[in-house]
Amino acid sequence: MTLQELRKRAGYTQFEVAVKTGYSLNMITKIESGSRNPGPTLVARLAKLYKVTEHDIREAAKHH
C-alpha cells in the first residue's frame, strides 16, 4: 500500500494532511511521490492520522 492509498483510505486530501500534520502541501506531495522520505516526526503524525503503525507508514513510503 502506498502513502497515497493510506491517505485516501483515511478520507483526507493532501491539503488536509498538510494542515493536520503541520507540514507544507509541497512536502506532503513530495513524500507521496517518493522524491522525499518522511522524517520520524512526520512518520509519527501520519501514523496517528491514518490510524496505522509507524512501520506501516515507513513501508508505504517505499512504494509510490
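In this chain, residues are counted from 1 in sequence order. None of these values were measured; they are calculated from a predicted model.
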Atom [atom1] of [X] and atom [atom2] of [Y]: how far apart are they, to the nearest 0.5 Å?
X   : Y   : atom1 : atom2 : result
L3  : K62 : CG    : NZ    : 12.0 Å
I57 : R45 : CD1   : CZ    : 13.5 Å
K48 : L46 : NZ    : CG    : 12.5 Å
S33 : I28 : OG    : CD1   : 11.0 Å
F15 : L25 : CZ    : CG    : 7.5 Å
T29 : Q4  : OG1   : CD    : 10.0 Å

Check whether any side-chain heavy atom of Y50 sits under 4.5 Å from a side-chain heavy atom of V17, and report yes or no.
yes
Sequence-distant partners of E54, salt bridge (Lys or Arg N to Asp or Glu O under 4.0 Å), two or more places apart:
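Applying salt bridge (Lys or Arg N to Asp or Glu O under 4.0 Å) to E54 gives R58.
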Does anything in residues 1-20 form a salt bridge (Lys or Arg N to Asp or Glu O under 4.0 Å)? List the pairs, not counting sequence neighbours.
R7-E32
Mind listing the side-chain donor-acceptor pairs of residues 36-43 below 3.5 Å, one per line with the distance, residues two or more places apart or on another chain?
none

Between V19 and M27, is there shared hydrophobic-cluster membership here, with clusters defined by ILVMFWY side-chain heavy atoms closer than 4.5 Å?
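In one cluster with V19: M27, no.
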Nearest heavy-atom pair of T2 and A60: which atoms, and what distance?
C-CB, 3.8 Å
We want to know whether T53 and D56 form a side-chain donor-acceptor pair, criterion being a heavy-atom distance below 3.5 angstrom.
yes
